Amino acid sequence: MSVDDVVAELRDGMTVGIGGWGSRRKPMALVTAIAKSSLKDLTVVSYGGPDVGMLCATGKVRKAVYGFVSLDSIALDPHFRKARQAGEIEVSEFDEGALQWGLYAAALRLPFLPTRAGLGSDVMSLNPELKTVTSPYHDGEDGEDAEELLAMPAIHLDVALVHMNRADRYGNTQYLGPDIYFDDLYCLAADKRYVSCERVVETSELAAGGPPQSLKINRMMVDGVIEAPGGAGFTSCVPDYGRDEAAQKAYAGGDLFVEASR
Amino acid sequence: MSDVTRAEVCVAACAEVWRDAGEVIASPMGLVPAIAARLAKLTFAPGLLLCDGDADYFTDPTGAAAHLEAHIPYRQLFDQVWHGSRHVMMGASQLDKFGNQNISAIGADFARPKAQLIGVRGAPGNTVNHPTSYWIANHSPKVFVEKVDVVSGIGYDRARAAGRAARFHHLHRVVTNLAVFDFATPDQRMRLRSLHPGITVDEVVAATGFVLAGTDNPAVTLEPDAEALRLIREVLDPKETREREVPSAGKS
């Protein structure tokens with residue numbers, strides 16, 4: 001597939017989950033193509049970085065679902081801030097662990113998963129759809145009250161977009177950096193899953209590239225593979241490349257589609 | 001007169017946060033807490049696990065003979081957080097008398113905040129699951145407010161209201177550039193525990209936007225001992241990055 005093929009599959013109003021974390025291994029080639037498309041009214045679910053900022057700045061976002069939006073070495077994304085401070089987008093802000101739980105619940109086809117993460121905080125009042133659940137196993141014999149936990153609702157995705165280091169043409173993918181983040185959960189939580197990668201290789205080459213556990217997202221979880229060298233843009237995609245701090249600075253300064261030097 | 005700087009007092013006071021923490025992840029946020037956590041691990045808290053900023057944890061915080069001892073990607077980090085094996089030291093844009101923290105947004109209207117900050121991040125989950133301390137580099141009435149705009153990390157009043165599910169909530173210390181605080185009052189309000197050398201109660205009261213407990217007889221914050229000072233100055237922070245967060249008079 002090409003980047004444009006993926007954009008052609010998307011529709012206005014879809015819920016799109018974007019993998020990576022902050023300014024790390026973000027599928028920026030795909031995100032940039034969406035930003036330059038005519039798509040609108042998207043709900044974006046993300047451990048937010050420049051993906052969220054770029055889509056806000058180009059008017060693609062109706063709603064953002066996140067725990068944070070940060071560029072790591074630059075603490076706050078100015079484009080996301082601007083959209084928020086103008087009241088341009090709806091948001092659901094969750095604890096970042098609870099966000100994982102929402103994706104995991106969707107992945108497991110459960111309506112919710114219980115957690116403490118959010119209890120007592122304004123996450124509960126600012127997201128009035130959130131409900132609590134009382135432990136059904138409490139018998140009161142210990143003289144204590146039952147635990148009342150946040151029932152974190154499943155966050156179902158229409159589409160998941162993630163960027164990997166390697167993949168074969170069947171959708172078996174490989175991450176070679178320090179962390180998969182939540183990319184496998186995005187894939188399991190979504191109806192359609194598109195993976196861009198630095199390099200498409202033969203299946204026989206995957207095992208030589210890294211340990212077996214680097215093959216975390218496989219062809220059961222992927223609908224399309226896009227070869228996109230440098231596809232993480234200025235965000236980091238170690239060990240293939242680190243973050244291009246100068247390009248990120250330019251992005252933060254307003255040069256939205258700055259080319260990273262790769 | 002001692003030649004110990006305020007920044008060095010702050011490093012030592014932040015390090016104390018992890019005394020007796022045992023074998024847990026120490027997650028410092030900010031320059032002074034980062035030096036402090038490494039100082040604690042090097043001296044009185046060798047059980048601490050320290051992250052390199054990604055997912056790797058190394059044995060020696062000086063970097064001299066550092067071996068990878070643990071690999072904890074985010075998925076597992078949340079497991080450790082929810083398991084309780086972590087003590088975080090977070091910052092706060094606002095903090096109230098019960099220790100409610102805001103890092104999400106400033107302003108009365110969340111739909112259109114005056115200033116969007118980073119988001120609640122892991123603060124709700126951290127505070128409800130494991131011990132939390134705070135580092136405030138610039139103690140002022142803008143930070144220490146009567147009521148925070150968005151409760152991100154939860155304070156004692158919110159934890160009480162959440163009931164038994166919040167029983168692992170524990171706010172340990174608040175360290176600022178002026179003083180050290182805890183929540184050891186009957187209703188668990190912020191209490192002045194010790195003043196940094198040279199700071200007066202009046203200065204702290206004037207810089208705090210709510211009524212403080214413990215202002216009658218505060219102790220004086222302990223200065224780092226000779227070995228701690230050597231480690232801070234020669235090993236952990238020879239470039240004096242600590243001065244960027246807590247500048248000494250005449251330096252900036």
Side-chain angles (χ1 to χ4, degrees), chain A residues 21 24 47-48 64 66-70 72 75-78 80-91 93-98 100-101 104 114-126 132 134-135 138 144-150 177-182 184-185 236 238, chain B residues 52-56 71-79 81-82 84 91 100-107 109-130 148-169:
Chain A
W21 171 284
R24 307 178 198 184
Y47 284 80
Y66 61 91
F68 61 84
V69 178
S70 173
D72 291 330
L76 305 175
D77 182 299
F80 169 67
R81 296 191 84 194
K82 195 174 161 206
R84 279 284 284 140
Q85 290 164 199
E88 288 171 358
I89 56 169
E90 284 178 48
V91 299
E93 192 170 300
F94 297 120
D95 173 86
E96 63 193 34
Q100 171 201 349
W101 233 215
Y104 196 29
T115 177
R116 293 188 172 82
L119 294 177
S121 77
D122 282 352
V123 164
M124 303 300 287
S125 52
L126 295 171
T132 59
T134 302
S135 171
H138 182 72
E144 302 281 357
D145 293 336
E147 288 196 64
E148 188 181 343
L149 300 160
L150 166 58
D179 201 327
I180 187 81
Y181 308 118
F182 304 90
D184 53 328
L185 294 186
S236 70
V238 289
Chain B
D52 72 338
D54 233 318
D56 289 342
H71 177 71
I72 307 176
Y74 276 110
R75 290 275 278 288
Q76 191 185 341
L77 182 66
F78 290 137
D79 290 352
V81 167
W82 295 7
N100 292 293
Q101 167 234 32
N102 178 16
I103 53 173
S104 166
I106 301 291
D109 182 7
F110 187 71
R112 189 177 181 172
K114 243 192 307 190
Q116 171 69 40
L117 309 173
I118 196 162
V120 296
R121 275 212 75 172
N126 291 344
T127 48
V128 81
N129 279 300
H130 63 57
V148 305
D149 292 332
V150 181
V151 174
S152 311
I154 68 171
Y156 277 101
D157 55 339
R158 295 294 192 102
R160 271 195 293 273
R164 182 165 150 75
R167 66 192 178 282
F168 304 117
H169 176 264

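Letters go in sequence order (proteins before strands), and every chain restarts at 1. Note that the coordinates shown come from a computational prediction; the quantities given were computed from them, not determined experimentally.
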Distance in Å, B:Asp54 CG paired with A:Ser236 OG, rounded so as to fall on 0.5 Å steps:
7.0 Å
I'd like to know which of A:Asp145, A:Leu149, A:Val91, A:Thr132 tops the heavy-atom pair count under 4.5 Å against chain B.
A:Asp145
Max heavy-atom pairs within cutoff under 4.5 Å with chain B, candidates A:Ala98, A:Gly118, A:Ser121, goes to A:Ser121
Rounded to the nearest 0.5 Å, what's the gap from CZ on A:Phe80 to CD1 on B:Ile118? Could you check?
10.0 Å
As a quick check of understanding, evaluate salt bridge (charged side-chain N to carboxylate O under 4.0 Å, His left out) for A:Glu148 and B:Arg164, giving each step before the final call.
CA-CA 8 Å; A:Glu148 188 181 343; B:Arg164 182 165 150 75; over 6 Å; no
Ring-plane angle category for A:Phe182 and B:Tyr74, please: parallel below 30°, perpendicular beyond 60°, tilted otherwise.
tilted
Is there a side-chain contact (heavy atoms from CB on, under 4.5 Å) between A:Glu88 and B:Arg112? Walk through the geometry before answering.
CA-CA 8 Å; A:Glu88 288 171 358; B:Arg112 189 177 181 172; over 6 Å; no
Say whether, by atom type as modelled, one donor and one acceptor occur between the side chain of A:Arg84 and the main chain of B:Pro113 under 3.5 angstrom.
no
Looking only at A:Ala117, A:Ser135, A:Gly120, the option with the highest number of non-hydrogen pairs under 4.5 Å against chain B is A:Gly120
From the list B:Gly153, B:Pro124, B:Gly119, B:Ala55, the residue making the most non-hydrogen contacts under 4.5 Å with chain A is B:Pro124
Would you call A:Asp184 and B:Arg75 a salt bridge, using N to O less than 4.0 angstrom?
yes
Is A:Asp95 salt-bridged to B:Arg121, going by a charged N under 4.0 Å from an acidic O?
no
Are A:Arg116 and B:His169 close enough that some pair of their side-chain heavy atoms sits under 4.5 Å apart?
no
Examine distances only and state if a side-chain atom of A:Glu93 and a backbone atom of B:Val120 form a donor-acceptor pair shorter than 3.5 Å.
yes
Say you draw a straight line from CG of B:Leu77 to CD of A:Glu96; how long is it, rounded to the nearest 0.5 Å?
8.0 Å
For A:Asp179, is there any backbone N or O sitting under 3.5 Å from a side-chain donor or acceptor partner on B:His71?
no
Looking only at B:Ala166, B:Ala115, B:Ala123, most heavy-atom pairs under 4.5 Å shared with chain A are made by B:Ala115
For chain B, which of A:Asp72, A:Leu119, A:Asp77, A:Ile89 has the most heavy-atom pairs under 4.5 Å?
A:Leu119
Please assess B:Trp82 against A:Thr115 for the test side-chain contact (heavy atoms from CB on, under 4.5 Å), listing each intermediate value before the final yes or no.
CA-CA 9 Å; B:Trp82 295 7; A:Thr115 177; 3.3 Å; yes
Is any side-chain heavy atom of A:Glu147 closer than 4.5 Å to one of B:Arg167?
yes
Side-chain donor-acceptor pair present, B:Gln116, A:Arg81, cut-off under 3.5 Å:
no
Derivation and outcome, side-chain contact (heavy atoms from CB on, under 4.5 Å), residues B:Arg158 and A:Asp122
CA-CA 10 Å; B:Arg158 295 294 192 102; A:Asp122 282 352; 2.9 Å; yes
